[in-house]
Trainee: 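The structure that follows is given in the form of structure tokens.
Lettering of chains follows the sequences in order, A, B, ..., and the numbering in each one begins at 1.
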2 protein chains.
Amino acid sequence: MATVDTTRGGEAQRTLRADARRNRERVLAAASAAFAEEGFDVGVAAIARRAGVGTGTLFRHFPTKLELEVAVVLERAAGMSENLQAALAEPDPWEAFTTLMTRIVEQTSSDRCLGQATKPELLGDPRIQELQDELLRGVEEILRRGRDAGVLRRDVTAEDIPVLASAIGTTMERFRTSQPELWRRYLGVVLDGLRADGAAPLEPGPPGPDLLSGTC
Amino acid sequence: MATVDTTRGGEAQRTLRADARRNRERVLAAASAAFAEEGFDVGVAAIARRAGVGTGTLFRHFPTKLELEVAVVLERAAGMSENLQAALAEPDPWEAFTTLMTRIVEQTSSDRCLGQATKPELLGDPRIQELQDELLRGVEEILRRGRDAGVLRRDVTAEDIPVLASAIGTTMERFRTSQPELWRRYLGVVLDGLRADGAAPLEPGPPGPDLLSGTC
DNA sequence: ACCTGAACACCGTTCAAGT
DNA sequence: ACCTGAACACCGTTCAAGT
């Protein structure tokens with residue numbers, strides 16, 4: 001409420017002792033790999049072992065497992081920004097839109113941790129929300145182009161995009177090894193459903209900015 | 001491998017002592033309600049308390065928590081069968097299809113336990129698979145009518161339906177209280193994407209019958 | 001036969017003792 | 001200042017003792 005933390009990560013990186021700084025990095029790297037491979041279910045003991053530190057050290061840097069999850073998800077922000085840049089660089093409006101969707105869903109499907117990133121505790125974190133808001137502005141631009149060109153249905157909003165992308169990404173998790181490309185099939189259905197022609201009016205309106213309210 | 005269990009539930013209901021039979025029913029009812037409200041995360045202790053029995057009794061009737069989950073999901077089979085019958089009764093092919101999808105997604109979105117029913121351990125259970133196979137045959141019929149009438153895209157298979165339905169249902173879980181009707185919006189997108197006109201070819205092919213293989 | 005609750009194993013988290 | 005691992009709380013599961 002009082003001080004506004006402008007450093008994206010939130011963690012005070014000031015004056016960390018050399019070994020502490022290195023240990024923090026190790027834990028983050030270990031968690032990043034473990035989460036991507038096995039999802040958020042991996043125990044903290046396994047992560048600490050993988051990082052070569054005690055569990056106490058892990059919790060010193062990340063006071064809760066959720067905090068560690070947030071840190072890893074924020075790390076993935078770079079990839080999402082790249083997806084956005086790649087889409088914005090595309091001259092054809094429909095191509096730009098499909099590029100965006102394809103890259104988001106592909107990334108979400110292949111990274112188990114991103115596939116599970118829709119859990120309410122994570123979405124409720126203010127840093128994650130800030131990141132999402134930032135990305136939404138870029139998505140807005142892509143959608144505007146598509147609508148102006150008459151190729152994209154007019155009633156889709158930027159908030160719909162992460163919902164649709166995560167719906168596919170999350171559901172594809174169980175096909176990750178057996179049919180790793182299956183997400184393309186359902187993305188195809190959704191993309192056809194988002195075309196301007198032949199679209200039936202959508203009811204109800206898009207989700208509000210309070211993506212987290214209910215449940216937990 | 002040797003004996004084929006034809007009784008859908010699997011549980012031998014022979015000669016259960018009166019109190020045992022009643023306790024089993026109580027546990028199942030308590031679990032059914034608790035799972036629907038809070039999802040599979042509720043502790044067994046809470047379920048046992050709600051049923052008015054000791055945890056030992058719970059585990060006597062359902063040797064594992066997963067077993068209890070399976071029993072509850074199988075109980076929901078009746079509702080899914082009803083959905084199918086309602087759709088088959090619809091004369092208009094497109095109406096029949098939308099009725100089916102609407103009812104499935106509605107049920108999946110409002111029942112927290114069904115929303116989480118896609119976890120691999122559950123889908124791997126032979127009884128759940130048998131149930132799914134049975135339902136798929138009905139879905140097949142609905143799809144055939146839609147294709148024959150030229151209203152439904154020809155490359156959609158019955159296996160796609162539960163995948164698409166659960167994708168929406170699972171993702172809508174976090175909007176259950178804040179925007180309980182939001183699922184209609186995304187079902188709208190998907191339905192438009194499944195129309196015959198304006199459909200782009202789907203890649204890759206549908207998921208195989210081995211819905212569970214990888215991951216766990 | 002069946003019920004019960006104390007006991008066990010496992011995992012996230014804490015903290016007293018070390019350097 | 002920071003690291004460590006033993007200790008704690010919690011939850012699924014087991015089992016010896018009861019009826």
Trainee: Side chain of B:A20: nearest nucleotide among C:dG12, D:dT13, C:dC3?
Mentor: C:dC3
Trainee: Remember a base hit wins even if backbone is also touched, and classify B:G56 as base, sugar-phosphate or nothing at under 4.0 Å, heavy atoms.
Mentor: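 Base contact - B:G56 has a heavy atom under 4.0 Å of at least one base atom.
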Trainee: Given atom CZ of B:R17 and atom C1' of C:dC3, what is their separation to the nearest angstrom?
Mentor: 8 Å
Trainee: Taking the side chain of B:L16 as its heavy atoms from C-beta onward, which of D:dT13, D:dC2, C:dC2 lies nearest to it?
Mentor: C:dC2
Trainee: Mind calculating the distance between CZ (B:R49) and P (D:dG12) to the nearest angstrom?
Mentor: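 Answer to the nearest Å: 11 Å.
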Trainee: Between B:V53 and A:L66, who's closer to the 5' end of DNA chain C by nearest nucleotide?
Mentor: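 Nearer the 5' end of the strand: B:V53.
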Trainee: Could you let me know what C:dA7 is paired to, Watson-Crick or G-U wobble, both distances under 3.5 Å, or none if it's on its own?
Mentor: D:dT13
Trainee: Using whole Å, report how far CG of B:D41 lies from C1' of D:dG12.
Mentor: 13 Å
Trainee: Taking the minimum atom-to-atom distance to the side chain of B:T55, which one of D:dT13, D:dT4, D:dC2 wins?
Mentor: D:dT13
Trainee: OP1 or OP2 of C:dC3 less than 4.0 angstrom from a side-chain nitrogen or oxygen of B:H61, does that happen here?
Mentor: yes
Trainee: Is B:N23 near enough to C:dC3 that one of its side-chain N or O atoms lies under 4.0 angstrom from OP1 or OP2?
Mentor: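 For C:dC3, OP1 or OP2 has a side-chain N or O of B:N23 closer than 4.0 Å.
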Trainee: Spell out, as yes or no, whether a donor-acceptor pair under 3.5 Å connects the side chain of B:S32 to the backbone of B:L28.
Mentor: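 Pair absent, no side-chain N/O of B:S32 close to backbone of B:L28.
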Trainee: Stepwise, does the salt bridge (charged side-chain N to carboxylate O under 4.0 Å, His left out) test hold for B:R176 with B:E37?
Mentor: CA-CA 11 Å; B:R176 267 189 71 205; B:E37 291 166 15; over 6 Å; no
Trainee: Please check the phosphate of D:dC2 (OP1 and OP2 only) for any side-chain N or O of A:R60 closer than 4.0 Å.
Mentor: yes
Trainee: Tell me the closest heavy-atom pair linking A:A36 and A:D111, and the distance in Å.
Mentor: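 That closest heavy-atom pairing would be CA-OD1, 3.5 Å.
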Trainee: Rounded to the nearest angstrom, tell me the gap between atom CZ in B:R22 and atom P in C:dC3.
Mentor: 9 Å
Trainee: Of the listed nucleotides (D:dC3, D:dG12, C:dT4), which one gets closest to any side-chain atom of A:T57?
Mentor: D:dC3
Trainee: Round to the nearest Å and state the distance from A:K65 atom NZ to D:dC10 atom C1'.
Mentor: 15 Å
Trainee: Begin from the C-alpha positions of B:F40 and B:L122 and carry the test side-chain contact (heavy atoms from CB on, under 4.5 Å) through to its verdict.
Mentor: CA-CA 11 Å; B:F40 291 133; B:L122 272 178; 3.7 Å; yes
Trainee: Give none if C:dA1 has no partner; otherwise give the nucleotide forming a Watson-Crick or G-U wobble pair with it, both distances under 3.5 Å.
Mentor: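 Its partner is D:dT19.
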Trainee: Quick one: which of D:dC2, C:dT13, C:dC2 gets closest to the side chain of A:V44?
Mentor: C:dT13
Trainee: If the threshold is 4.0 Å, N to carboxylate O, is there a salt bridge linking A:E141 and A:R145?
Mentor: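 Salt bridge present between A:E141 and A:R145.
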Trainee: Send over the distance from B:D19 CG to C:dT4 P, rounded to a whole Å.
Mentor: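 That distance rounds to 9 Å.
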Trainee: Do B:R127 and B:E67 meet the salt-bridge criterion of a basic N to acidic O distance under 4.0 Å?
Mentor: yes
Trainee: Taking the minimum atom-to-atom distance to the side chain of A:F59, which one of C:dT14, C:dA1, D:dC3 wins?
Mentor: C:dT14
Trainee: Roughly, in whole Å, what's the span from CG in A:L58 to P in D:dC2?
Mentor: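 Whole-Å distance recorded here is 15 Å.
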Trainee: Could you give the CG-to-P distance, from B:L68 to D:dT13, as a whole number of Å?
Mentor: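 The answer, rounded to whole Å, is 10 Å.
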Trainee: If you check the A:T64 side chain, which of C:dT13, C:dA6, D:dG12 turns out closest?
Mentor: C:dT13
